[in-house]
Amino acid sequence: MKKSVLIIDDDTFVGSMAARLLQEAEYEVRRVDTGEAGINEVQEAKPDLVLLDIGLPGIDGYEVIKTLKGEPDTADVPIIVLSNFGQPEEMERSKKLGAHAHYVKANTEPREIVNLVDEFFASS
Amino acid sequence: MFEIILYLIIFCLSSFVAYLTYRIFFLQKKLIESERKVETTSKTLIQKHIEQLDSNERLQKLLQTKTDFVSIASHQLRSPLTDVKWGLSFFLDRHRDLVPEDRDHVNQILVNVDRMNHLINELLDFVASEAGTSEQKKDLVNVELVVRRVIKEANNHFREKTVTVHPTYNYGPEPVLIDVGLIEIAFTNLIHNAFHYTPDNKNVYILTEQRGKQFYFEVRDEGVGVPKNKQRHIFSRFKRSPDAIKMNSLGIGLGLHITKNIVDNLGGRIGFVSAGEGEGATFYFYIPVERPTTAG
C-alpha cells in the first residue's frame with residue numbers, strides 16, 4: 001500500500017517538483033495551494049503525511065496546524081513544515097503547535113525532500 | 001489688687017492663645033506647602049512613570065517591527081533563490097548526460113545561489129546575535145539535545161566530507177533556561193567551522209560539561225589551525241586567514257564574530273587555543289545558566 005503525502009504550497013514550481021520526485025519514489029501525492037483547501041483535503045482523504053508551507057494566501061500554515069491538531073479527526077495526521085520562514089522562533093512556533101519538524105526550503109534540495117519523507121516513514 | 005492679677009492672667013492667657021494661633025497658622029502654612037510639594041513630586045513621578053511605560057511600549061513595538069521586518073525580508077529573499085536552486089538541481093538530476101562543460105556551468109550557478117543563501121543566513125544570524133537581554137527568550141531546554149541535533153544536521157550538511165565527530169556529553173539532560181535560538185547558532189557556527197577547516201579523514205571532538213555554575217562547551221579539531229599573527233583578531237568581523245579562505249570560500253568572516261556576540265550577550269565568555277598554523281584549534285565557551293530542576 002502506497003503511503004500518501006499531501007503538499008500544501010502556493011509556490012507551484014517548488015510544489016510540483018516535490019510532487020514529481022515523491023511520485024517517482026512511489027508515494028501517492030496530492031497537491032493544493034491554499035490552507036483552506038489543505039484542511040478540507042486532510043479531513044476528506046486523511047493522508048499519511050502533510051508537507052506544509054507557512055506563507056500561504058488566506059489562512060497561513062500556523063493556522064492550518066492549529067486547526068488540524070485541534071480536531072480529533074485530524075490531530076493524528078503528521079505535519080512537516082517546509083517553508084522559507086525559518087527564524088528560530090518561527091521553527092519553535094511550528095513545533096509547539098504540533099508539527100513534527102520544520103525545514104527551511106532554501107537550505108534544502110529537491111532530492112533531500114524524498115530523503116526526509118523516507119526517513120520520516122522509516123522512523124514512524 | 002485681685003482685678004490686676006485677673007487682668008494679668010487674662011493678658012497672659014490671650015498672649016498664649018495668640019502665640020498658639022500664630023504657631024498653628026504657621027504650621028498650617030508649612031503643612032500646605034509640604035502637601036503641595038508632595039503633590040508636585042507625585043505628579044512628576046506619575047508623569048515619569050507614564051513616560052517610561054510609554055517608552056517601554058515604544059521599545060517593544062520597535063523590537064517587534066524589527067523582528068517582523070527580518071522575518072519577512074528573509075522570506076522574500078529566500079523564495080526566489082529556492083526556485084532557482086531547486087530548478088537547477090532538479091535539471092541537473094534529470095540531465096545526467098550533459099556535456100561536462102555544461103554541467104560545470106550549471107554547477108557554478110548553483111554554487112553562487114548557495115553563496116547568496118549562505119549570506120542571507122549569516123546576516124540573519126548576525127541580527128539575532130545582536131539581541132540585547134530584553135529581546136532574549138528563556139526556553140527550558142536540554143542543551144545536549146540541541147548539540148546532538150546540530151551535529152546531525154552538520155553531518156548531513158557536510159556529507160561529502162569524511163570528518164568523524166566524537167561527542168562527549170558530560171553535562172546531563174536536565175533542562176536549563178536559555179534562549180535556544182541563540183545558543184543553537186553558537187553551537188552551529190563552532191561545529192560548522194570545525195567541519196570546514198578540518199581535512200578529510202581527521203577528527204573533531206566535542207565536549208559538554210558543567211563547570212561551577214556554568215555550562216561549558218568545547219569543539220576541538222585537527223584542522224588548519226589559527227596562524228599566530230591572526231589570533232588577536234580572530235573574533236573581529238571579516239578577519240579570516242588565507243588558509244581559512246581557501247577551505248571555505250563561501251564564508252564572509254562573520255561566524256566567529258556572531259558567536260562571540262551571542263556568548264557575550266548571554267553573559268558568557270568565549271575563547272580558543274591553537275598551537276598555530278596546521279595545528280588544529282579548540283574553541284570553547286562558558287555560559288552561566290539556571291537549572292531550575294537542580295537549583296532547589
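Below, read A as the first sequence line, B as the second, and so on, with proteins coming before strands; counting in each chain starts at 1.
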Contacts with chain B made by [range] (heavy-atom distance under 4.5 Å), listed by residue number:
range: residues 83-93 of chain A; result: Asn84(A), Phe85(A), Gly86(A), Gln87(A), Pro88(A), Glu89(A), Glu90(A), Glu92(A)
range: residues 1-34 of chain A; result: Asp11(A), Phe13(A), Val14(A), Met17(A), Ala18(A), Arg20(A), Leu21(A), Glu24(A)
range: residues 72-81 of chain A; result: none

How many angstroms lie between [atom1] in [X] and [atom2] in [Y], if you round to the nearest 0.5 Å?
X: Phe235(B); Y: Ile258(B); atom1: CZ; atom2: CD1; value: 13.0 Å
X: Arg149(B); Y: Thr188(B); atom1: CZ; atom2: OG1; value: 9.0 Å
X: Arg269(B); Y: Gln214(B); atom1: CZ; atom2: CD; value: 8.0 Å
X: Lys61(B); Y: Ser55(B); atom1: NZ; atom2: OG; value: 12.0 Å
X: Asp139(B); Y: Leu177(B); atom1: CG; atom2: CG; value: 8.5 Å
X: Leu68(A); Y: Leu97(A); atom1: CG; atom2: CG; value: 11.0 Å

Residue [X] versus chain A: region with a heavy atom under 4.5 Å:
X: Val180(B); value: side chain
X: Asp179(B); value: neither
X: Asn156(B); value: side chain

field: Portion of Asn107(A) that has a non-hydrogen atom of chain B nearer than 4.5 angstrom
entry: both

task: Give, as side chain, backbone, both or neither, the part of Ile113(A) having an atom under 4.5 angstrom from any heavy atom of chain B.
output: side chain

Side chains of [X] and [Y]: closer than 4.5 Å at any heavy-atom pair?
X: Val219(B); Y: Phe187(B); value: no
X: Lys260(B); Y: Phe285(B); value: no
X: Asp48(A); Y: Phe121(A); value: yes
X: Asn265(B); Y: Leu182(B); value: no

query: Does Asp221(B) use its side chain to pair, donor to acceptor, with the backbone of Gly223(B) at less than 3.5 Å?
result: yes

task: State whether the side chain of Thr198(B) and the backbone N or O of Phe195(B) hold a donor-acceptor pair below 3.5 Å, judged by distance alone.
output: no

- request: Determine, stepwise, if the pair Gln108(B) / Asn112(B) fulfils side-chain contact (heavy atoms from CB on, under 4.5 Å).
  value: CA-CA 6 Å; Gln108(B) 199 49 44; Asn112(B) 278 296; 3.8 Å; yes

message: Go through it in stages, so that I can follow the logic: the residues are Val176(B) and Ile287(B), the test is side-chain contact (heavy atoms from CB on, under 4.5 Å), and I'd like the CA-CA distance, side-chain angles, deciding distance and then a yes or no.
response: CA-CA 11 Å; Val176(B) 300; Ile287(B) 288 179; over 6 Å; no

Candidate list Ile191(B), Thr259(B), Leu256(B), test side-chain contact (heavy atoms from CB on, under 4.5 Å), partner Phe283(B), passing option: Leu256(B)

- prompt: Stepwise, does the side-chain contact (heavy atoms from CB on, under 4.5 Å) test hold for Glu63(A) with Glu36(A)?
  reply: CA-CA 10 Å; Glu63(A) 280 300 317; Glu36(A) 285 88 345; over 6 Å; no

Any residue of residues 78-93 of chain B which, by heavy atoms, sits under 4.5 Å from chain A: Arg78(B), Ser79(B), Thr82(B), Asp83(B), Lys85(B), Trp86(B), Gly87(B), Ser89(B), Phe90(B), Asp93(B)

query: Does Lys152(B) NZ have over 12 foreign heavy atoms under 6.0 Å away?
result: no

field: Mutual orientation of the aromatic rings belonging to Phe217(B) and Phe215(B) [parallel < 30°, tilted 30-60°, perpendicular > 60°]
entry: parallel

message: Both conditions, 6.0 Å and 45 degrees, for the charged tip of Arg291(B) above the ring of Tyr171(B): are they met here?
response: yes

